[in-house]
Number of protein chains: 2
Amino acid sequence: MKAYLFIKGFLFDNIMEYQLTHSEENYLKEIFHLSGVDAFRVSTNNLAARLNSKASSITDMLQKLAEKELVSYVKYKGCNLTDKGEGIAVQIIRKHRLWETFLVMKLNFGWEEVHDIAEQLEHIDSTKLIDSLDHFLDYPKFDPHGDPIPDKDGKITYRKAKIKLSETVVNSLVEIVSVNEDSASLLTYLEKNNLVLGICIRIIEKYEFDKSMRIALENGNELNLSKKVIENIGVKFISKT
Amino acid sequence: MKAYLFIKGFLFDNIMEYQLTHSEENYLKEIFHLSGVDAFRVSTNNLAARLNSKASSITDMLQKLAEKELVSYVKYKGCNLTDKGEGIAVQIIRKHRLWETFLVMKLNFGWEEVHDIAEQLEHIDSTKLIDSLDHFLDYPKFDPHGDPIPDKDGKITYRKAKIKLSETVVNSLVEIVSVNEDSASLLTYLEKNNLVLGICIRIIEKYEFDKSMRIALENGNELNLSKKVIENIGVKFISKT
DNA sequence: ATTAATTTTTAGTCTTGTCTAAAAATATGT
DNA sequence: ACATATTTTTAGACAAGACTAAAAATTAAT
Ligand SMILES: [Mn+2]
Ligand SMILES: [Mn+2]
Ligand SMILES: [Mn+2]
Ligand SMILES: [Mn+2]
């Protein structure tokens, strides 16, 4: 069952002993994100788009990662993380989210400023560092965007019954529990409109013609939110009138 | 006076806009350290030894750094940092020492554990991050090994009248103000013997045959310290009996 | 002032990660 | 089923950063 690996003239009996490059780590992380909870197969073009890279570069790297038994790769059929690969991906995500939490909680960064810096910090290699940071932050469960932080052992506790705001029905009352962190400008927009974690909103009306939505905040303020916005907010159902 | 630079098809009118690689940053930092306060010329072989690299690799890189106007390099005559190069080197050292301070002060690392991690963290690129960290740590003046932390503008306030313990004379009373951070095992040894920053010691005797020294701690305990050890401790003179 | 030893540079090779262009496989539409 | 469109892979190139081996320059020793 043990896998042996011959790299650069050295024999490794455990992949963990071999340090991955930033690039390799980014591939694993992105495959994890694209696979979703059901571990879909990820296509070459998909990965290329997300990594701002070309399909041919992806193919090259997938072959290398398959060689190292971090992904299962079938020509023309896309790829999947192996258990090893997934384990590594989750640890990188743990580091990313803990660093984002540190930046917001301790250094007073805005939630729209932390992702790019965390993209660098997630590659720092020290288990003791990340576990100490986790302790220092008092073992946070979610990052500044509401995403769950994997624990030391890689266990991720997903939010139960989280749906997109765009999927809610008129008259329901919901609480914002996460936001998509991809765009800093969206995060700034959300904060300006007080659409932050923990806020409750009521869906007043949904418009079919452009898939937008009218909502009310707790203070009675009403807002129109575009399709793009409501697809990037995660909510928890509270009640319905 | 302005320098223009053509790199990878782009024209830069300010070197700072161009991101350096980790490798380039390590070269600049090491040249700074080897130059000393008097800005000696640094030889290729010296640099190769410190960077665990070969002389030929050094030559290649020096030519590249000279092209970017970060070092002044004269064939067969070694190199020197330009003002630009020195400015960058100092900022990397600032990051290194602030991160070391963070690890010791906030995450409770030992002083012998932090250097290797700081070697990674010093390359994180974010001015806002490092200035926030500086504030969070309350603008520390020295790192865990007693080395001065450059400020935001690159100003370094060196300790006045610091000498090596090996250079002191018998019967003087001195205070430990810095230790060489290069060897984790030396740091562990020093801590075990309570030879930490702020401690005062008296020189009892110096032995010519092996350049070792006998010293007394404040509690009366006496110790023999080897040449190697006393050359790696920086002290401040207090008094003489 | 020559010769010998040491240091530094050049020339050529390798690996990693990327790219473009062309070929091959797969998916789609009628 | 067959032609067309799309996706993916291969082939070949390049830049960065490192290495070895050999050549050139500098320094040290007689
Ligand atoms: Mn992020
Ligand atoms: Mn996040
Ligand atoms: Mn250090
Ligand atoms: Mn230090």
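Computed over heavy atoms, backbone and side chain alike; hydrogens, waters and symmetry mates excluded. For clarity, every value in this text was computed on a predicted model and none was experimentally measured.
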* To do: Look at the rings of A:Phe209 and A:Tyr207 and say which category their plane angle falls in: under 30° parallel, 30 to 60° tilted, over 60° perpendicular.
  => tilted
Rounded to whole Å, the CD-P distance (B:Glu24 to D:dA15) equals 15 Å
Between B:Val114 and the options B:Val104, B:Thr101, B:Asp143, the side chain to side chain contact (heavy atoms under 4.5 Å, CB included) test singles out B:Val104
| Are side-chain N/O atoms of B:Ser185 and B:Ser183 paired as donor and acceptor at under 3.5 Å? | yes
Between OH of B:Tyr73 and P of D:dA25 the distance, given in whole Å, is 13 Å
Does B:Ser56 place a side-chain N or O at less than 4.0 Å from the phosphate oxygens OP1/OP2 of D:dA18? no
task = Would you indicate, yes or no, if C:dT18 has its OP1 or OP2 atom less than 4.0 angstrom from a side-chain nitrogen or oxygen of A:Tyr27?
result = yes
Report task. Assign A:Thr44 to base, sugar-phosphate, or nothing according to its heavy-atom contacts below 4.0 angstrom with the strands shown. Result -> sugar-phosphate
Among C:dC19, C:dA25, D:dA16, the one nearest any side-chain atom of A:Ser57 is C:dC19
A:Asn52 atom CG is separated from C:dG17 atom P, nearest whole Å, by 17 Å
Taken to the nearest whole Å, CD1/B:Ile58 to P/D:dG17 is 12 Å
Do B:Glu24 and B:Lys68 pass the salt bridge (Lys or Arg N to Asp or Glu O under 4.0 Å) test, and can you show the C-alpha distance, the side-chain angles, and the key distance before you say yes or no?
-> CA-CA 11 Å; B:Glu24 290 172 318; B:Lys68 295 184 181 177; 2.5 Å; yes
A:Lys77 atom NZ is separated from C:dA27 atom C1', nearest whole Å, by 9 Å
To the nearest angstrom, the NZ-P distance between A:Lys54 and C:dT20 comes to 5 Å
Check: C:dT18 base within 3.5 Å donor-acceptor of A:Ser23 side chain: no
- Would you state whether a donor and an acceptor, one from the side chain of A:Ser53 and one from the base of C:dT18, lie under 3.5 Å apart? no
Taken to the nearest whole Å, CG/B:Asn45 to P/C:dT8 is 4 Å
